[in-house]
Undergrad: 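Here's a structure for you.
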Amino acid sequence: MQTDFLKVEALSKVYPVSRGKTPVPVFENIHFSIAKGEFVCIVGHSGCGKSTILNVLAGLDSPSAGTVIMDGREVSGPSLDRGVVFQGHALMPWLTVMKNIEFAVKSRWPDWSREKIQQHSQQFIDLVGLTGSEHKKPSELSGGMKQRVGIARAFSIQPKMLLLDEPFGALDALTRGVIQDELLKICAATQQTVFMITHDVDEAILLSDKIILMTNGPRARIAEIVVNTLPRNRTRNDIHKDAQYYRIRNHLVDFLVSRSRELALTSDADYDPRNPPEVRPGEMDEDADATPRPLKQAAIHLVN
């Protein structure tokens, strides 16, 4: 039985407002847990507080209420136990690929020799497929290569948890697919625990074990946690051949198009925020609709 590696309890966030106005929580009473080695995506419309939740997990922001416990210790600030990759690569432009990664490695293990730091850094450069680009600076790299450096840097400090804030959002579809495949391989090899924000339904299905669905803000909450019932060794070329894929995708699309807003406007007396409902749309009856359902253009505008 899996044990909780990360536990989020009663998390809420309220931002200051002008005098005379009543502050409204961006999100409130958020409860969820992540097992060690689990890949969890969080999906919801802009304004529901996804990035704020990630920043709280990273120790870069403080909640207005609630706690985050990781590996038995409360998260109270930044730590090298948590690696973060943002949509912007955040590389130091005056340093080469190797030096960017070495900087992180030296911060993690300041007593290591120069040779050991270089050997360790090279291992992760090779891991993300950037062998031969060690001495290039960020200005000489494509957008996809920069993101690979960011991922290599995050993995190089061997964090207990990896936090990804839409790291592939600015990339073209082909580059995005290649890096998603690399990420799957790395996570499978290292049993990395991951929490990721994405607006891409197909990306969430490809990468995740569970998908947290947030209602619209303000006062956003977890509507449900979708269990990805596709086999874990899934690949981009094969997942669409499984009928479960369309059941899961249709469930997510329906949530984003209509239910996320409807649930935000209604209250459910039976809803227990401490135990958000888990659903397994991939285990629907065989007669259930398993045909592809397009994500309407209107929904795309709402999500992004």
Side-chain angles (χ1 to χ4, degrees), residues 2-13 15 26-27 30-42 49-92 95 98-113 116-121 123-125 127-128 146-167 183 186-187 189-198 207-210 212:
Q2 290 181 317
T3 57
D4 294 337
F5 173 74
L6 179 98
K7 196 164 184 64
V8 174
E9 298 180 325
L11 209 66
S12 299
K13 183 66 178 180
Y15 287 106
V26 178
F27 55 81
I30 300 296
H31 295 255
F32 66 88
S33 60
I34 300 176
K36 190 170 182 61
E38 199 168 38
F39 198 125
V40 173
C41 283
I42 185 167
K50 303 183 300 297
S51 290
T52 302
I53 292 173
L54 182 140
N55 286 335
V56 170
L57 300 188
L60 301 174
D61 199 354
S62 300
S64 302
T67 57
V68 177
I69 306 294
M70 189 187 83
D71 201 20
R73 301 180 63 179
E74 184 174 354
V75 172
S76 57
S79 167
L80 291 173
D81 284 340
R82 281 158 272 130
V84 186
V85 181
F86 296 104
Q87 186 169 341
H89 53 80
L91 302 179
M92 289 174 278
L95 296 182
M98 176 64 78
K99 293 299 182 183
N100 263 284
I101 297 174
E102 285 182 346
F103 181 85
V105 174
K106 188 174 182 179
S107 299
R108 178 67 161 170
W109 296 285
D111 297 331
W112 279 12
S113 67
K116 188 171 183 179
I117 289 173
Q118 185 174 16
Q119 290 173 1
H120 184 84
S121 300
Q123 174 187 345
F124 290 90
I125 290 173
L127 197 63
V128 298
K146 291 174 186 176
Q147 284 302 87
R148 287 183 184 217
V149 178
I151 292 169
R153 183 175 59 184
F155 274 101
S156 72
I157 62 172
Q158 296 181 340
K160 293 180 178 179
M161 185 167 191
L162 190 64
L163 302 166
L164 307 176
D165 191 352
E166 293 189 77
L183 181 61
I186 296 170
C187 289
T190 61
Q191 291 298 299
Q192 182 69 59
T193 306
V194 184
F195 179 84
M196 178 177 178
I197 295 173
T198 181
L207 297 175
S208 69
D209 299 304
K210 291 181 180 177
I212 297 173

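All values below were derived from every heavy atom in this structure, side-chain atoms included, with hydrogens, water molecules and symmetry-related copies excluded. Numbers here are sequence positions counted from 1.
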Undergrad: Taking side chain to side chain contact (heavy atoms under 4.5 Å, CB included) as the definition, give me every residue that meets it alongside D165, ordered by chain and number, with sequence neighbours left out.
TA: S51, L54, F86, I197
Undergrad: Could you give the distance from CD (E166) to OG1 (T198), rounded to the nearest 0.5 Å?
TA: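 Reported to 0.5 Å precision, the distance equals 6.5 Å.
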Undergrad: Going by side chain to side chain contact (heavy atoms under 4.5 Å, CB included), name the residues that satisfy it together with A90, two or more places apart in sequence or in a different chain.
TA: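 Side chain to side chain contact (heavy atoms under 4.5 Å, CB included) check on A90 returns R153.
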Undergrad: Can you name the ring-ring contact (aromatic ring centres under 6.0 Å, His included) partners of F195, sequence neighbours left out?
TA: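 Applying ring-ring contact (aromatic ring centres under 6.0 Å, His included) to F195 gives F32.
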Undergrad: Keeping the roles fixed (side chain from R82, backbone from L163), state whether a donor-acceptor pair exists under 3.5 Å.
TA: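 A pair under 3.5 Å: no.
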Undergrad: Only counting residues at least two apart or in another chain, list the ones meeting ring-ring contact (aromatic ring centres under 6.0 Å, His included) with F5.
TA: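 Counting only residues at least two positions away or on another chain, F5 forms no ring-ring contact (aromatic ring centres under 6.0 Å, His included).
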Undergrad: For E102, enumerate each residue passing the side chain to side chain donor-acceptor pair (under 3.5 Å) test, keeping only those at least two apart in sequence or located in another chain.
TA: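 With sequence neighbours excluded, E102 shows a side chain to side chain donor-acceptor pair (under 3.5 Å) to K99, given in chain and number order.
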Undergrad: By side chain to side chain donor-acceptor pair (under 3.5 Å), which residues pair with T67, not counting sequence neighbours?
TA: none
Undergrad: Only counting residues at least two apart or in another chain, list the ones meeting side chain to side chain contact (heavy atoms under 4.5 Å, CB included) with Y15.
TA: K13, V26, T52, D61
Undergrad: Who pairs with K106 by salt bridge (charged side-chain N to carboxylate O under 4.0 Å, His left out), at least two apart in sequence or on another chain?
TA: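 If we apply the salt bridge (charged side-chain N to carboxylate O under 4.0 Å, His left out) test to K106, skipping adjacent residues, there are no hits.
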Undergrad: Mind jotting down which residue pairs meet the salt bridge (Lys or Arg N to Asp or Glu O under 4.0 Å) criterion with at least one end in residues 63-80? Sequence neighbours excluded, please.
TA: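 Passing the test, one end in residues 63-80: D71-K160.
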Undergrad: H120: what forms a side chain to side chain donor-acceptor pair (under 3.5 Å) with it, not counting sequence neighbours?
TA: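 H120: no side chain to side chain donor-acceptor pair (under 3.5 Å) contacts found.
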Undergrad: Going by the rule side chain to side chain contact (heavy atoms under 4.5 Å, CB included), which residues pair with Q192 if we only count those two or more places apart in sequence or in a different chain?
TA: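 In terms of side chain to side chain contact (heavy atoms under 4.5 Å, CB included), with neighbours along the sequence ignored, Q192 is linked to F155, P159, L162, C187, T190, V194.
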